[in-house]
Amino acid sequence: MSETANRPVGRRTFVLGSAAAAGTAALAGPLAVPASAASFGYSDDGSNYVVDTGASLVFKVSKTNGDLTSLVYKGTEYQGYGGKNSHIESGLGTSTVTVKQSGSTILISVTYGTLKHYYAARSGENNVYLWTNKADDSVSATRYIVRVKAGMFLNDEPDSYTYAPTTVEASDVFEKSDGQTRSKHYSKLRVVDYDYIGWSTGSVGLYVVRSNHEKASGGPFYRSLLRHQSADGGGLYEILYYGENQTEAQRFGLQGPYVIAFTDGGAPSSGLYHANLTTSWADSLGISGYVAASGRGKVAGVGITGRNTAFPYTVGLANSAAQYWGSARSSDGYFSIPGVLPGTYTLTVFKGELAVYTSSVTVTAGGTTTLNTIAIPSSNDPGNASAIWRIGDWNGSPSGFKNADLMTYAHPSDSRAASWTGNVVIGSGTETSAFPCYLWKDVNSGLLVYFKLTAAQAAAAHTLRIGVTTAYANGRPQISVNDWTSSIPSPPSQPSTRSLTVGSYRGNNYTFTYSVPASAWLTDTSQYNVLKINVVSGSGTTSFLSAGTSIDAIDLLI
């Protein structure tokens, strides 16, 4: 990578006649010369509609295919790398592109088959508002990517691979010389955890503020790629649908608005966040599939009982057309979910990421559906069962287990990961932290757990439970206790794509139960019983791509 590409904003070097300069000119067009954002309005340069926001931002949209071909902020071009523009998926073919101004709003509409995409500008704002209406699967449109020139924003974060030349998996997971891994998949964040993603130099910030994801899939805890940084440049994503480790079918319809926002280095305005953004100014623009606030409803619950207050609770709404969620108040479980499209939804209460209650709720336009106190039955929470011993918490995630936090932003081979092997002793005080968050057939299958029983406990049969959060290649646990071995369990329904190696443990929570007979236990109470956990499957390849599974909790019931 050239020295020029590594220089931050403010110290850029232009080499006239070089391939880099030629590529920049091709992407920037007439705006290669710094633009003056003097007044709000639009023009036609022959190839693009050119929008001046009347602030510090001028952007261009191709009249041919709807690509965003230029983003000039304060006279500096940010858009484009590798000869590519910013666009839906990898770009559309020949499209119908129109523009109109309605007072202080300019709307550019792009139609490609059944897909409709929109760019909007507001007078005096350094923002571009985007909507995408994917009506069916006849058009591939699962993301919008903002492509940013190399050297504008530099980082060496988990989702950067600028300094990681060695490929360790597929063509998208890389390793640095110090053994740390990098990939665009390693965002760390669940959807519920972020409002925006982007970069800042301290004096310029460029962000994508996400939409409410009502037409996305996977729920509040879903993880997918959000941005990347490489030698070629950077990418910021709004994921419309992502199939990797996906638990739901694709939803169709209008998604947005999501916002490309420039700042003077700080975070984007909280007024752009999906929970705060109001778009009454867009009500009459004729955006296909647009539903104004007046056409939406609200769900509110007065409280939730039966909670374990050591854990956060989330309430989700989902049907085949839309999804929503909101946090339950820690003091009493009150929740409110506004802006919901009319319809009947499955309401799910999550303890952490584990579903512990479901019901049905109907939402009407302009109305509030008020729910009486939701009582979670004690038996719905596996953590309420009395156990002789327990490893981890029943919360739908591998939190607390060895390497669990690291695995949301690193490959399992990362040099920072603790050894994936090693056995566990009940009563040591380190049961959970010593137990690996993931088990693989080819890496650490055969893990041993040592535990003692009293004479009374050893005289009875017991149920052993292993909760998992996802699996790769049908990996599932078969156990043995001393000389007794369980049957091989059937694989539950899980996503068929990569998961454990691309920063995601979120699949379908499932509990394996094993009825261990009294004859399996040692009668000498001074001796340790030995639980052996093997990963079995006829699928997968080798190493960290062998069949595997993510652990939620393990316990032996009284």
Does a side-chain N-to-carboxylate-O contact under 4.0 Å join [X] and [Y]?
| X | Y | value |
| --- | --- | --- |
| R296 | E214 | yes |
| E169 | R498 | yes |
| D156 | K176 | yes |
| R506 | E353 | yes |

Under 3.5 Å, is there a donor-acceptor pair between the [X] and [Y] side chains?
| X | Y | result |
| --- | --- | --- |
| T344 | T362 | yes |
| S499 | E244 | no |
| H213 | Q255 | no |
| T132 | Y258 | yes |
| N276 | S270 | no |
| D442 | S546 | no |
| H462 | Q457 | no |
| S480 | T485 | no |
| W394 | D555 | yes |
| R476 | Q478 | no |
| Q246 | S217 | no |

Decide yes or no on ring pair (Phe, Tyr, Trp, His ring centres under 6.0 Å) for W484 and W521, but give the supporting numbers first. CA-CA 9 Å; W484 175 86; W521 314 119; 8.2 Å; no
Taking side chain as C-beta onward, heavy atoms only, is V449 less than 4.5 Å from V530?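 They are not in side-chain contact.
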With a 4.5 Å cut-off on side-chain heavy atoms, are Y196 and R210 touching? no
Identify the heavy atoms of [X] and [Y] that sit nearest to each other, and give their distance.
| X | Y | answer |
| --- | --- | --- |
| Y438 | N444 | O-ND2, 3.1 Å |
| P489 | P477 | CG-O, 3.2 Å |
| T469 | G396 | CG2-O, 3.3 Å |
| D172 | S183 | O-OG, 2.6 Å |
| S160 | R182 | O-CB, 2.6 Å |

Any sub-3.5 Å donor-acceptor pair from T432's side-chain atoms to F401's backbone N or O?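 Here the side-chain-to-backbone pair does not exist.
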Main-chain N/O of S445 paired to N534 side chain as donor or acceptor, under 3.5 Å: no
Excluding sequence neighbours, so at least two apart, what forms salt bridge (Lys or Arg N to Asp or Glu O under 4.0 Å) with [X]?
| X | value |
| --- | --- |
| E431 | none |
| D137 | none |
| D159 | R227 |

Distance check, rounded to the nearest 0.5 Å: F221 atom CZ versus T314 atom OG1?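 If we round to the nearest 0.5 Å, F221:CZ and T314:OG1 are 4.0 Å apart.
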Let me confirm one number: the OH-CG distance from Y514 to L531, rounded to the nearest 0.5 Å.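 Going from OH on Y514 over to CG on L531, the span is 9.5 Å.
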Only pairs at least two apart or in different chains count here, so list each salt bridge (charged side-chain N to carboxylate O under 4.0 Å, His left out) that has a residue in residues 324-334.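 Listed by first then second residue: R329-D332.
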Assess the residue pair Y510 and F512 against the criterion (ring pair (Phe, Tyr, Trp, His ring centres under 6.0 Å)); give the C-alpha distance rounded to whole Å, side-chain angles, the decisive distance to 0.1 Å, and a yes or no. CA-CA 7 Å; Y510 184 83; F512 294 92; 4.8 Å; yes
Angle between ring planes, H228 versus Y237, binned at 30° and 60°: parallel, tilted or perpendicular? tilted
Hey, what's the ring geometry for Y324 with Y345, parallel, tilted or perpendicular (30° and 60° as the breaks)?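 Perpendicular: the ring planes of Y324 and Y345 meet at over 60°.
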Can you name the residues that form a side-chain contact (heavy atoms from CB on, under 4.5 Å) with T368, not counting sequence neighbours?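 With neighbours one apart ignored, the set is K298, A300, T370.
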Run the ring pair (Phe, Tyr, Trp, His ring centres under 6.0 Å) test on F174 and Y161 for me, step by step, so that the C-alpha distance in whole Å, both residues' side-chain angles and the decisive distance to 0.1 Å come before the verdict. CA-CA 7 Å; F174 305 88; Y161 45 95; 4.6 Å; yes
Suppose we screen for side-chain hydrogen bond (donor to acceptor under 3.5 Å, both in side chains). Which residues come up paired with S428, at least two apart in sequence or across chains?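 In terms of side-chain hydrogen bond (donor to acceptor under 3.5 Å, both in side chains), with neighbours along the sequence ignored, S428 is linked to T430.
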Run the side chain to side chain contact (heavy atoms under 4.5 Å, CB included) check on V424 and Y450 step by step: do they pass? CA-CA 6 Å; V424 175; Y450 295 89; over 6 Å; no
